[in-house]
2 protein chains.
Amino acid sequence: MENLVREKRMALGMTQDELSAKLDVSRQTISSLEKGRYNPSITLAFKLSKLFQCTIEEIFIYEEE
Amino acid sequence: MENLVREKRMALGMTQDELSAKLDVSRQTISSLEKGRYNPSITLAFKLSKLFQCTIEEIFIYEEE
DNA sequence: TTTTATTGTCAAGCTTACTTTACATTTAAT
DNA sequence: ATTAAATGTAAAGTAAGCTTGACAATAAAA
């Protein structure tokens, strides 16, 4: 699943480390997410949408397999 | 996390079995979801939003811990 | 160029979403 | 009242999200 985490994070001028701290996840989780290594849990997706002030759909692009 | 899966499913007149088949998950997954036993993966959330023709936010109500 | 900040990634382990199987309980139909 | 359909739930296993720790690679700053 594609996502715009990196773009949204940089738009806020944050480092992966700062973002992970705010969301209470590890930095590796953010790095892997941005790299598309895995999909986020729905709770992490909600946390991101809240911080980025947009909908989940605006951050994550779902394409059926 | 609260959700309106049962309400949306019944609005479509579907059984748990029919819904699970359409989403390609087990019936127990739907039953447990409706009962609030666990949160869905983001891919399952997207599948539901697509089938129900609404946003993830309209099905799942996130409240920070 | 040397240092420092930032990011990439690997391995091993934990947690939880989800599966299969199986059976009990509730609801609806006959 | 019986039967059948729909739902609840438990146990054991698999898959994937996420953690910690550690180190390499890249980017930015001094």
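In what follows, chains carry the letters A, B, and so on, assigned in the order in which the sequence lines appear, proteins first and then strands, with residues in each chain numbered from 1.
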Rounded off to whole Å, could you give me the CD-to-C1' distance for the A:Q16 and D:dA25 pair? 13 Å
ring-ring contact (aromatic ring centres under 6.0 Å, His included) pairs, two or more places apart, involving residues 9-51 of chain A: A:F46-B:Y62
For a side-chain contact (heavy atoms from CB on, under 4.5 Å) check, start with the C-alpha distance between A:E58 and A:L4, then their side-chain angles and the critical distance, and finish with the verdict. CA-CA 8 Å; A:E58 285 169 337; A:L4 301 179; over 6 Å; no
Start with the C-alpha distance between A:T55 and B:T55, add both sets of side-chain angles, then the distance that settles side-chain contact (heavy atoms from CB on, under 4.5 Å), and finish with yes or no. CA-CA 9 Å; A:T55 65; B:T55 65; over 6 Å; no
Can a side chain N or O of A:S26 be found less than 4.0 Å away from OP1 or OP2 on D:dT19? yes
Measure the OG-CD distance between B:S20 and B:Q28 for me, rounded to the nearest 0.5 Å. 8.0 Å
Take the protein atom CD of A:Q28 and the nucleotide atom P of D:dA25, then report the distance between them rounded to whole Å. 17 Å
Going from CZ on A:R9 to CE on A:M14, what distance comes out if it is rounded to the nearest 0.5 angstrom? 9.0 Å
Chain A vs DNA chain C, heavy-atom contacts under 4.0 Å, first-to-last nucleotide span, 5' to 3', is C:dT6 to C:dC10
Could you tell me the separation between the CZ atom of B:R27 and the CG atom of B:L19, rounded to the nearest 0.5 Å? 12.0 Å
What is the distance, rounded to the nearest whole Å, between atom CD of B:E18 and atom P of D:dA5? 13 Å
Toward the 5' end of DNA chain C, which comes first, A:S31 or B:L33, by nearest nucleotide? A:S31
Could you walk me through whether A:L33 and A:V25 pass the side-chain contact (heavy atoms from CB on, under 4.5 Å) check? CA-CA 11 Å; A:L33 244 192; A:V25 294; over 6 Å; no
What residues in residues 34-41 of chain A put a non-hydrogen atom under 4.0 Å from any atom of DNA chain C? A:K35, A:R37
Given atom CG of A:L44 and atom P of D:dG17, what is their separation to the nearest angstrom? 11 Å
Tell me the interatomic distance from B:I42, atom CD1, to D:dA15, atom C1', rounded to whole angstroms. 17 Å
Can you measure from CD1 (A:I30) to OG1 (A:T15) and round to the nearest 0.5 angstrom? 10.0 Å
Step by step, work out the side-chain contact (heavy atoms from CB on, under 4.5 Å) result for A:D24 and A:K47. CA-CA 9 Å; A:D24 201 40; A:K47 284 183 183 178; 4.3 Å; yes
Describe the nucleic acid contact of A:T15 in one word from base, sugar-phosphate, nothing, applying a heavy-atom distance below 4.0 Å. sugar-phosphate
